[in-house]
Amino acid sequence: MSQELTPGYIYHKQLVSSDELNTLITQIANSESYYFLRYSHAVSGICQELPSERGEVEGQVFNSIREMRWKKYRSSYEVLILSRQREFNLEGFEKLTGNWAICDRDAYWHNPEETKFPKGFTFKGKNNQSIKPEEMKIKQRYFQDSDTATIHFVALTVN
């Protein structure tokens with residue numbers, strides 16, 4: 001199956017404070033966003049609302065335009081933004097060098113009962129209601145370096 005590649009954009013920043021991270025999450029998120037948080041002891045599952053339990057070591061927010069990932073780094077965070085549109089208001093972010101192209105592919109979920117997640121994997125809609133994964137219109141977005149044809153990042157996106 002062949003799919004047309006379109007331009008993609010990748011930005012990163014280190015030493016993002018907790019307050020700045022929360023501001024970025026608010027700026028990136030929209031009504032179609034999903035969240036995924038990793039704690040030292042469990043994962044949040046895919047959630048339509050930002051979980052109230054914070055203190056994660058890593059996290060993601062994604063929608064049809066971009067995915068933002070963050071990871072605890074010393075007393076702050078490293079942030080990576082994978083986007084299908086050029087971002088202009090990202091103070092302090094650097095554009096990752098490369099000639100990036102993107103394409104979207106279908107996503108398939110693992111069985112939530114799988115032992116890969118001993119504490120379970122959940123899909124939560126509005127008001128933390130459990131929903132079936134097939135009700136979510138989530139896809140994968142491949143970020144490929146056009147010069148080498150190598151896929152470096154696979155982001156989640158909303159169809």
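Quick caveat, the model's predicted, so the values are computed rather than measured.
At distances below 3.5 Å, at least one donor-acceptor pair connects side-chain atoms of Glu67 with backbone N or O atoms of Leu156.
Using modelled atom types, one finds a donor on one side chain and an acceptor on the other under 3.5 Å when comparing Ser64 with Glu32. At a cut-off of 3.5 Å, with distance as the only test, no side-chain donor of Gln60 or Trp70 sits close to an acceptor on the other residue.
Side-chain atoms of Ile25 and Leu50, non-hydrogen and from C-beta on, do get closer than 4.5 Å to each other. Under the 4.5 Å side-chain criterion, counting only non-hydrogen atoms from C-beta, Leu82 is in contact with Leu80. Side-chain atoms of Ser130 and Thr122, non-hydrogen and from C-beta on, never get closer than 4.5 Å to each other. Ile81 places a side-chain heavy atom less than 4.5 Å from the side chain of Ile28. You'll find the side chain of Ile102 stays beyond 4.5 Å of the side chain of Tyr142, heavy atoms only. Side chains of Gln48 and Lys124 form no contact here, defined as non-hydrogen atoms less than 4.5 Å apart.
Taken to the nearest 0.5 Å, the SG atom of Cys103 stands 5.5 Å off from the CG atom of Leu5. To the nearest 0.5 angstrom, Gln140 atom CD is 8.5 Å from Asp106 atom CG.
Taking the charged nitrogens against the carboxylate oxygens, Asp104 and Lys139 have no contact shorter than 4.0 Å, which rules out a salt bridge. We find that Glu87 and Arg66 are joined by a salt bridge, their nearest charged nitrogen and carboxylate oxygen being less than 4.0 Å apart. Taking 4.0 Å as the cut-off between side-chain N and carboxylate O, Glu20 and Lys13 count as a salt-bridged pair.
Evaluation of the ring-ring contact (aromatic ring centres under 6.0 Å, His included) test over residues 31-55, restricted to residues two or more places apart or in two chains, returns Tyr34-Phe62, Phe36-Phe121, Tyr39-His41.
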